[in-house]
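In listed order, ligands and their atoms are each counted from 1. Because the structure is a prediction, the values reported are computed rather than measured.
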Amino acid sequence: SSKDAMTPAVAFYNSSMGEALHRRKAIRSDLRQAIDDGHLELHYQPKVEMQTGLITGMEALVRWQHPKRGRISPMEFIPVAEQSGLILPLGTWVLQEGCRQAQAWSAAGLGDLRVAINMSPVQVLCQDVVGIVAQTLEDTGLPPNLLEIEITEGVLMQEETKAMQRLRAMRDLGVHLAIDDFGTGYSSLSYLKKMPVSCLKIDQSFVRGLMENEEDARLSRVIIGMAHDFGLEVVAEGIETLEHADFLRHEGCDLGQGYYFAKPLEHQAFERLLASPPPWQHQPVGMRSSAL
Ligand code: C2E
Ligand code: MG
Ligand code: MG
Ligand code: MG
């Protein structure tokens with residue numbers, strides 16, 4: 001009877017946990033190969049000035065087309081990369097490629113756009129990230145003020161850590177620092193006045209609820225006001241509708257990012273977007289509803 005009792009658990013393990021574990025292992029070993037073979041790619045999502053509709057920069061987002069498994073989301077493979085240490089070579093590649101591309105667009109006369117690169121806490125903690133950033137700027141020729149590093153709140157939690165010294169050193173290079181997914185982490189706001197950041201990104205979960213949820217609207221308003229009090233720029237991410245854009249522009253949000261403007265685009269599509277006036281510039285953000 002003890003054997004009977006075990007059977008369902010074993011069957012559950014085999015069919016579900018075993019598969020998930022197998023997939024994680026496969027992702028880990030295939031990711032190493034993908035980095036070496038150059039199978040990763042960057043897509044770019046524009047950051048748009050809310051008042052003018054101009055594209056001032058873009059966030060680089062890594063993409064992986066697996067030869068057998070198809071497209072794998074960074075939400076799945078970035079955590080695996082962080083646990084295995086692969087985030088270090090992966091992150092360095094993203095940084096180099098993003099800076100190279102931004103400098104190439106600038107040299108081609110497409111605009112002096114600021115490229116935003118997501119940086120994992122592991123990258124900040126476990127390597128000479130300042131040296132890597134400085135070397136990348138030198139190698140690519142990208143001016144430091146055209147690079148922005150996006151980090152999450154957790155990295156900023158303790159003030160006098162190695163991580164904090166490194167972030168300050170990056171800031172001293174002239175690179176911008178932004179706090180990604182702001183409002184979702186557990187954090188004390190007192191760090192805002194001491195930290196070397198120049199920008200807050202309102203998490204998309206708040207933007208999504210703007211029209212239905214008074215709490216989300218209030219939170220977004222508070223974050224924008226507070227950021228400006230501290231002299232910081234505010235970006236809203238996950239803007240999907242004209243209503244979101246109107247609300248945030250009206251509240252004084254500086255920059256916006258989201259499917260309403262454009263999804264993350266492969267580099268050719270991003271170039272086409274830069275070369276032709278995008279639809280939201282014919283009728284500036286926020287002007288449509290009031291013009292009716
Ligand atoms: P994130 O940095 O907060 O990036 C924003 C995510 O929201 C991206 O998902 C983007 O495609 C998505 N997004 C943008 N606008 C909208 C919208 O209007 N609606 C909705 N529903 N989603 C929108 P993605 O590309 O799947 O990346 C997910 C996360 O993976 C990123 O969140 C970031 O934390 C991480 N990630 C992506 N690329 C890199 C990278 O190169 N390095 C590191 N360390 N992390 C990365
Ligand atoms: Mg980001
Ligand atoms: Mg984010
Ligand atoms: Mg996120």
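To the nearest 0.5 angstrom, C199 atom SG is 5.0 Å from E148 atom CD. Here M195 contributes atom CE and L177 contributes atom CG; the two are 11.0 Å apart, rounded to the nearest 0.5 Å. Atom OG1 in T92 sits 6.5 Å away from atom CD in Q123 (nearest 0.5 Å).
Between the OE1 atom of E150 and the OD2 atom of D180, the angle taken at the Mg ion (ligand 2) works out to 90° after rounding to 10°. Draw a line from the Mg ion (ligand 2) to OE2 of E59 and another to OD1 of N118, and the angle between them is 90° (to 10°).
In summary, of the residues considered (L274, L42, L113, V48), a side-chain contact (heavy atoms from CB on, under 4.5 Å) with M58 occurs for L113 alone. Between E59 and the choices R114, K201, K47, the salt bridge (charged side-chain N to carboxylate O under 4.0 Å, His left out) rule is met once, by K201.
Close approach of ligand 1 to M75 is summarised as follows: ligand atoms under 4.0 Å from at least one heavy atom of the residue are 28 (C). Listed by number with element, the atoms of ligand 1 under 4.0 Å from a non-hydrogen atom of G258 are 15 (N), 18 (O). Of all atoms in ligand 1, listed by their number and element, those nearer than 4.0 Å to a heavy atom of D180 are 1 (P), 2 (O), 3 (O). Counting the atoms of ligand 1 from 1 in the order shown, those under 4.0 Å from a heavy atom of Q45 are 14 (C), 15 (N). Ligand-side atoms of ligand 1 in range of P264: 11 (O), range being under 4.0 angstrom from any heavy atom.
Looking at I117 against ligand 1, nothing comes within 4.0 Å, counting heavy atoms. Residue-level proximity to ligand 1 for V94 is carried by the side chain, the only part with a heavy atom below 4.0 angstrom. The side chain of E237, and not its backbone, has at least one atom closer than 4.0 Å to an atom of ligand 1 (non-hydrogen atoms only; side chain from C-beta on).
K263 does not count as a contact of ligand 1, since none of its heavy atoms falls under 4.0 Å from the ligand. Residue contacts with ligand 1 include G238, since one or more of its heavy atoms lies under 4.0 Å from the ligand. Heavy-atom distances between E59 and ligand 1 reach below 4.0 Å in at least one pair.
Because the distance cut-off is set at 2.8 Å, D181 fails to qualify as a neighbour of the Mg ion (ligand 2), as none of its N, O or S atoms comes that close. Backbone or side-chain N, O or S atoms of E237 reach the Mg ion (ligand 3) at under 2.8 Å. In summary, no N, O or S atom of D203 is located under 2.8 Å from the Mg ion (ligand 3).
With hydrogens and angles left out, the side-chain atoms of Q45 and H43 include no donor and acceptor closer than 3.5 Å. T140 and Q103 share no donor-acceptor pair across their side chains, judged by distance under 3.5 Å alone.
The side-chain heavy atoms of W64 and I27, taken from C-beta on, include a pair separated by under 4.5 Å. A heavy-atom distance below 4.5 Å is found between the side chains of T184 and E153. The closest side-chain heavy-atom distance from I151 to D180 is not below 4.5 Å.
Nearest-heavy-atom check against atom 44 (N) of ligand 1 across V122, N118, T184, L90 picks out N118. The closest non-hydrogen atom to atom 20 (C) of ligand 1, taken over E240, E150, H43, comes from E240. Within the set F77, W64, Y259, the minimum heavy-atom distance to atom 16 (C) of ligand 1 is found for Y259.
Between W105 and Y44, the two ring planes are perpendicular [angle over 60°; tilted spans 30° to 60°].
Close N/O approach between Q257 and ligand 1 is not found [any backbone or side-chain N/O within under 3.5 Å]. Between M119 and ligand 1, no N or O atom pair is found at a separation short of 3.5 Å.
In this structure, R63 places its CZ atom where more than 12 heavy-atom neighbours from other residues, nucleotides or ligands lie under 6.0 Å away.
The cluster map of Ile, Leu, Val, Met, Phe, Trp and Tyr, joined by side-chain heavy atoms under 4.5 Å apart, puts L255 and I239 in different clusters.
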